[in-house]
There are 2 protein chains.
Amino acid sequence: MPAQDETRDRILEVTRRLVQSKGFSGFSYADVAAEVGIRKASVHHHFPTKGDLGEALMVRYRRDFGEILARIRASKGEARSRLRAYAVLFADLLRDDYRLCMCGMLAADFDVLPPSVRGEVRGFFDDNEEWLADVLASGRKQQELSFVGSPREQARVLLSALEGAMLVARSHGDVSLFEGVAQRVFHAVTAPPRRAVRAPVSLRRASRRVA
Amino acid sequence: MPAQDETRDRILEVTRRLVQSKGFSGFSYADVAAEVGIRKASVHHHFPTKGDLGEALMVRYRRDFGEILARIRASKGEARSRLRAYAVLFADLLRDDYRLCMCGMLAADFDVLPPSVRGEVRGFFDDNEEWLADVLASGRKQQELSFVGSPREQARVLLSALEGAMLVARSHGDVSLFEGVAQRVFHAVTAPPRRAVRAPVSLRRASRRVA
DNA sequence: GTCTATACACAGATAGAC
DNA sequence: GTCTATCTGTGTATAGAC
C-alpha cells in the first residue's frame, strides 16, 4: 500500500470505532482529527464532507467484513461452528468497549444519514443476510441444521436477534446477555441428534459450543 | 390535568417522536420548539438541560408504555395473542414514519446519553423483559406456549429479535420484514397442537421448542 | 410562561500559506 | 498533505423584558 494512503486508512479506522460507539451524528471531524493526531482541515483534505467519509467508511467496512466472512465460510467444520464464529465477531465488538455492529448502529441513525451512506448500510445488511442464508442452506443440506422456511427468512431472524441482542447487552453492560441469546437462536436451528433425545442434553451441548 | 402542564406534555410528545426518528444526538431544542410552535427558550423553561428533557421523556414513556402493556396482559385470550399485540405496538411505530422503539434507539445512543437517561433506558429494557417473561411463563403454564429454559431468558431472545427486526425493517423501508421475523419467533414458542400431525411434524416441533 | 436577545462552544467546511 | 486561520451555521444554555 502506498505511503500516501496511510493517513487515509487511519482516519477510516478511527472513524469506524467512533461510529460504532457514538453513532453517525455523535462523532465529529474534531474527534477524528484528535485521535489520528492531525488537524480537522487535514481530515477534510481526505474526505471533503461527512457524507464522503461515511460512504468511504462503509465501502471499506463492507470489504473488510466480507473478507472475514469469506474466510469463515471457507473454513472446515460444521455449519454450526461457522455460525458461532460469526457471533464471536459481534461479541468481540461488545467486549472491546461495547461497540455495536456498524449496520445496527447506522440503521438506528438512518434518518440522519446522507443518502449515499444509506445505500451502503442497506447493502451491508444484505451482505450479512446472504452470507447467513448460505450457511443455513448448506447446513440444512448436510442435515446439521434444521429450520422451517427459506434460508433467507431464517437468516433474517438470526441477524435480527443478534443485532437486537447487541443493544440489550450494551445497555446492561453485560456481554453474556448477547452470548445467551446467540446460544439460543443457534440451538433453535440445530438439527436434533439422529437418535437419543432429551431437550436438556442438547441445550447443554449448545452452551459449550457457543459460550 | 392542569392547563399549565399542557405545553410540557406537547414538548414531551414531540421529543418522543424526534428521538425515535433521529436519536438522542440527532434532535435539538430548535427542532422541538419548531414543532411545538414555541421558542427554544420556552423549552428550556420546562426542561433546563437536554439531560432533564431526556430523563423526563423516559419516565413518561415508561409510564405510558407500562399502562399499555398492563392492558394487554389483562386482556382475555391466549398468550400468543398477547405476544402478537405486543409486536403490533412495534409494527405501528415502523408504519408511522419508521420510528424505532425508544429503548432500541437509546441503546444505540448509549455512549452519548446523560447518565440519568441511561438508567431509565436500562429500566425500560427490564420492564419489557419482565412483561414478556410473565406472558411466557403463564402461557407455558396454560400449555399454550412451549420453550426451553427460563421465561426470562426466552423473553430476552424475543425482545432482541424484535428490536433487531425493527432495525432491519427500517433500513429496508419494509415493515413486512419486521412482521416476518415476529411471526417466526412467536411460532417458535408456540406449543404444538395436542393431536394432528403431518410428516414435517418432528421438524416443526423441534423448531418450536426454542426460538 | 413565553418572548427577544445573546453568550459561547462546536459543527462542518473553505482559503491559502508552507 | 498538513497546517493556521477563518467562515457560517447550529448546538445548548442563560438573562432579562413582557
Side-chain angles (χ1 to χ4, degrees), chain A residues 1-19 21-58 60 105-106 109-118, chain B residues 1-19 21-58 60 105-106 109-118:
Chain A
M1 170 187 319
Q4 67 262 31
D5 288 340
E6 272 172 27
T7 301
R8 192 188 143 95
D9 287 345
R10 275 193 300 151
I11 291 171
L12 288 178
E13 189 192 323
V14 162
T15 302
R16 174 173 51 82
R17 298 183 63 93
L18 284 169
V19 169
S21 292
K22 318 211 287 177
F24 194 78
S25 40
F27 85 98
S28 70
Y29 272 71
D31 295 330
V32 175
E35 285 202 36
V36 173
I38 56 180
R39 297 291 170 169
K40 282 195 297 175
S42 305
V43 181
H44 278 287
H45 169 75
H46 293 278
F47 306 98
T49 73
K50 208 177 179 184
D52 295 329
L53 178 53
E55 196 179 343
L57 167 71
M58 284 306 299
R60 162 74 54 96
M105 180 61 93
L106 292 186
D109 287 336
F110 212 71
D111 258 37
V112 295
L113 247 38
S116 61
V117 183
R118 288 187 192 173
Chain B
M1 170 187 321
Q4 67 262 32
D5 287 341
E6 272 172 27
T7 301
R8 193 188 143 96
D9 287 346
R10 276 193 299 151
I11 290 171
L12 288 177
E13 188 192 323
V14 162
T15 302
R16 175 172 52 81
R17 298 183 63 93
L18 283 169
V19 170
S21 292
K22 318 211 285 180
F24 193 78
S25 39
F27 86 96
S28 71
Y29 273 72
D31 295 331
V32 175
E35 285 201 35
V36 172
I38 56 179
R39 298 290 171 170
K40 285 191 293 176
S42 305
V43 181
H44 279 286
H45 169 75
H46 294 278
F47 306 97
T49 72
K50 208 177 178 183
D52 296 328
L53 178 52
E55 197 180 341
L57 168 71
M58 284 305 298
R60 163 73 55 98
M105 179 62 93
L106 293 186
D109 287 337
F110 212 71
D111 258 37
V112 295
L113 247 39
S116 60
V117 183
R118 288 186 192 173

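Every value quoted in this text rests on a predicted model; they were computed, and no experiment measured them. In what follows, every chain begins at residue 1, and chains take the letters A, B, ... in the order their sequences are listed.
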In whole angstroms, how far is the [atom2] atom of [N] from the [atom1] atom of [X]?
| X | N | atom1 | atom2 | answer |
| --- | --- | --- | --- | --- |
| K50(A) | dG12(C) | NZ | P | 4 Å |
| R10(B) | dG1(C) | CZ | C1' | 12 Å |
| H46(B) | dA13(D) | NE2 | P | 16 Å |
| I11(B) | dT2(C) | CD1 | C1' | 11 Å |
| H44(B) | dA13(D) | NE2 | P | 6 Å |
| F27(A) | dG12(C) | CZ | C1' | 11 Å |
| F47(A) | dT14(C) | CZ | P | 15 Å |

Tell me whether the side-chain N/O atoms of [X] come closer than 4.0 Å to OP1 or OP2 in [N].
| X | N | value |
| --- | --- | --- |
| S28(B) | dG11(D) | yes |
| T7(B) | dT2(C) | yes |
| S42(A) | dC3(D) | yes |

Self-check item: L53(A) side, atom CG; H44(A) side, atom NE2 - distance, nearest 0.5 Å
Solution: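 Reported value, rounded in 0.5 Å steps: 9.5 Å.
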Looking only at heavy atoms, what is the nearest atom pair of [X] and [Y], with distance?
| X | Y | value |
| --- | --- | --- |
| E35(A) | L18(A) | OE2-CD2, 3.6 Å |
| V117(B) | E55(B) | CG2-N, 3.7 Å |
| D109(A) | F24(A) | OD2-N, 2.6 Å |

Exercise. Give a yes or no on whether a donor-acceptor pair under 3.5 Å exists between the nucleobase atoms of dG12(C), that is its base, and the side chain of K40(A).
Key: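 Present.
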Quiz item: Which nucleotide sits closest to the side chain of Y29(A): dA11(C), dA13(C), dC3(D)?
Solution: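 When the side chain of Y29(A) is considered, dA13(C) is the closest of dA11(C), dA13(C), dC3(D).
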Quiz item: More 5' along DNA chain C: H45(A) or A41(B), using each one's nearest nucleotide?
Solution: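 On the 5' side of the pair lies A41(B).
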